[in-house]
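First up is the structure itself, then whatever we jot down about it.
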Amino acid sequence: VRTVEVGTYYWRETAAPPGYQLPASPVFGPLVLTPANASAGVQVTAADLPQPPVTGEVRVLKKDANTGAVLAGAVFELWKETNGIPGLQTTGVNPDTQVGAPCTTGADGLCRRTVEVGGYYWRETAAPPGYQLPSLPVFGPLVLTAQNASEGVQITARDCPSPKPPADGSIHLTKKDDKSGRPLAGAVFELWKETNGIPGLQTGGPNPDTRSGASCTTSADGGCDFRHLSAGQYYLRETVAPPGYDLPRDPVTCPYTVDEDDCVTVVLTNKKHDDDC
């Protein structure tokens, strides 16, 4: 407001209010003050737009904790620190504020959001396929300021691979009398895995095949089980015949091919001592 003589006037805005920007045309007028309108005065309205908020990227990079390889397929939520309580609160009477929809990391391993300055947290809700969520799935805070907004802020989240399920292949052996088919208890078997690439079973020497587990003795129903086997080829080697029976001339059988989720069934027989060979 100014009290002036009659005439023509302009207002020129030289500084916008805090938080606002100068208009592209900062001159307002003309305002023509005459004897007729001098008692009421003349007025113009100058409208300013708020300053656009300062924004920048907030990113999370997902990596394999062992190899450092970037990982696609992790799902993250972005939360803004809004309740003034240190750390991320996602529930309760006064949680922090989730920003936008969840994000899934792409081939570059990144989730990114363009947001206003402030403090942010990334929360991992689903690990990439073949990986496990970390025990603490919240990463941050990442503080985006006017000074670092142009380059953005980033944090790395590392996941460990999921534990491999135990191998679950198996061989179920049944020992029987060669004539009657009666099950035989007391036969003792070793299981060997083909590992040296030489045909047949080698149990000694500089490069033997690999013994798998402990010996197994057939039960009253003639059964003997070798469990939790990884994929490969296996030999059964009979080391003790059932009482009253002879060992076979060749106590080593096959190899048997086992997949990690297969059960291979085998029936082997023995002759009694008094039977002809």
Residue pairs, two or more places apart or on separate chains, that pass salt bridge (charged side-chain N to carboxylate O under 4.0 Å, His left out) and touch residues 235-244:
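Applying salt bridge (charged side-chain N to carboxylate O under 4.0 Å, His left out) to every pair that reaches into residues 235-244, excluding sequence neighbours, yields Lys175-Glu238, Glu190-Arg237.
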Selection residues 80-98 - residue pairs positive for salt bridge (charged side-chain N to carboxylate O under 4.0 Å, His left out), sequence neighbours left out:
none
Passes side-chain contact (heavy atoms from CB on, under 4.5 Å), Val99 versus Arg113? Steps please.
CA-CA 9 Å; Val99 180; Arg113 289 284 186 270; 5.6 Å; no
Other ILVMFWY residues reachable from [X] by side-chain steps of under 4.5 Å:
X: Leu173; value: Ile171, Phe189, Leu191, Phe226, Leu229, Tyr234, Leu236, Tyr256, Val258, Val264, Val266, Leu268
X: Tyr10; value: Val27
X: Leu61; value: Val70, Leu110

Check [X] against [Y] and note the closest heavy-atom contact, atom names and distance.
X: Glu57; Y: Leu144; result: O-CD1, 4.0 Å
X: Ala185; Y: Pro243; result: O-CD, 3.5 Å
X: Glu13; Y: Leu22; result: CG-CD2, 3.5 Å
X: Tyr245; Y: Arg182; result: OH-NH2, 3.1 Å
X: Arg2; Y: Trp11; result: CG-CH2, 3.9 Å
X: Pro128; Y: Asp159; result: CD-OD2, 3.2 Å

Short question: side chain of [X], backbone of [Y] - any donor-acceptor pair under 3.5 Å?
X: Asp259; Y: Asp262; value: no
X: Asn37; Y: Val32; value: yes
X: Asn196; Y: Asn207; value: yes
X: Asn148; Y: Val143; value: yes
X: Thr269; Y: Asp177; value: no
X: Tyr9; Y: Gly29; value: no
X: Ser212; Y: Trp192; value: no
X: Asp209; Y: Thr195; value: yes
X: Gln89; Y: Pro86; value: yes
X: Thr55; Y: Thr114; value: no

I'd like to know if [Y] and [X] are part of one continuous hydrophobic network [Ile/Leu/Val/Met/Phe/Trp/Tyr, side-chain heavy atoms within less than 4.5 Å].
X: Val42; Y: Val4; result: yes
X: Trp122; Y: Val138; result: no
X: Tyr120; Y: Ile155; result: yes
X: Tyr131; Y: Phe139; result: no

More than 12 heavy atoms from other groups under 6.0 Å of NE2 on His172:
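Yes.
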Looking at Arg211, I want to see if its CZ is surrounded by more than 12 non-hydrogen atoms of other residues, nucleotides or ligands under 6.0 Å.
yes
Quick one: does [X]'s side chain get under 4.5 Å of [Y]'s, heavy atoms only?
X: Pro23; Y: Asp48; answer: yes
X: Pro137; Y: Thr125; answer: no
X: Asn66; Y: Pro161; answer: yes
X: Thr105; Y: Cys111; answer: yes

Rounded to the nearest 0.5 Å, how far does [atom2] of [Y] lie from [atom1] of [X]?
X: Leu88; Y: Leu136; atom1: CG; atom2: CG; value: 12.0 Å
X: Cys216; Y: Arg227; atom1: SG; atom2: CZ; value: 9.0 Å
X: Gln154; Y: Arg59; atom1: CD; atom2: CZ; value: 4.5 Å
X: Asn270; Y: Lys179; atom1: CG; atom2: NZ; value: 13.5 Å
X: Asp221; Y: Leu184; atom1: CG; atom2: CG; value: 11.0 Å

Please enumerate all residues that pass salt bridge (charged side-chain N to carboxylate O under 4.0 Å, His left out) together with Glu116, with sequence neighbours excluded.
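If we apply the salt bridge (charged side-chain N to carboxylate O under 4.0 Å, His left out) test to Glu116, skipping adjacent residues, there are no hits.
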Tell me whether Asp178 is salt-bridged to Lys271, with the criterion being a basic N under 4.0 Å from an acidic carboxylate O.
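Lys271 and Asp178: salt-bridged.
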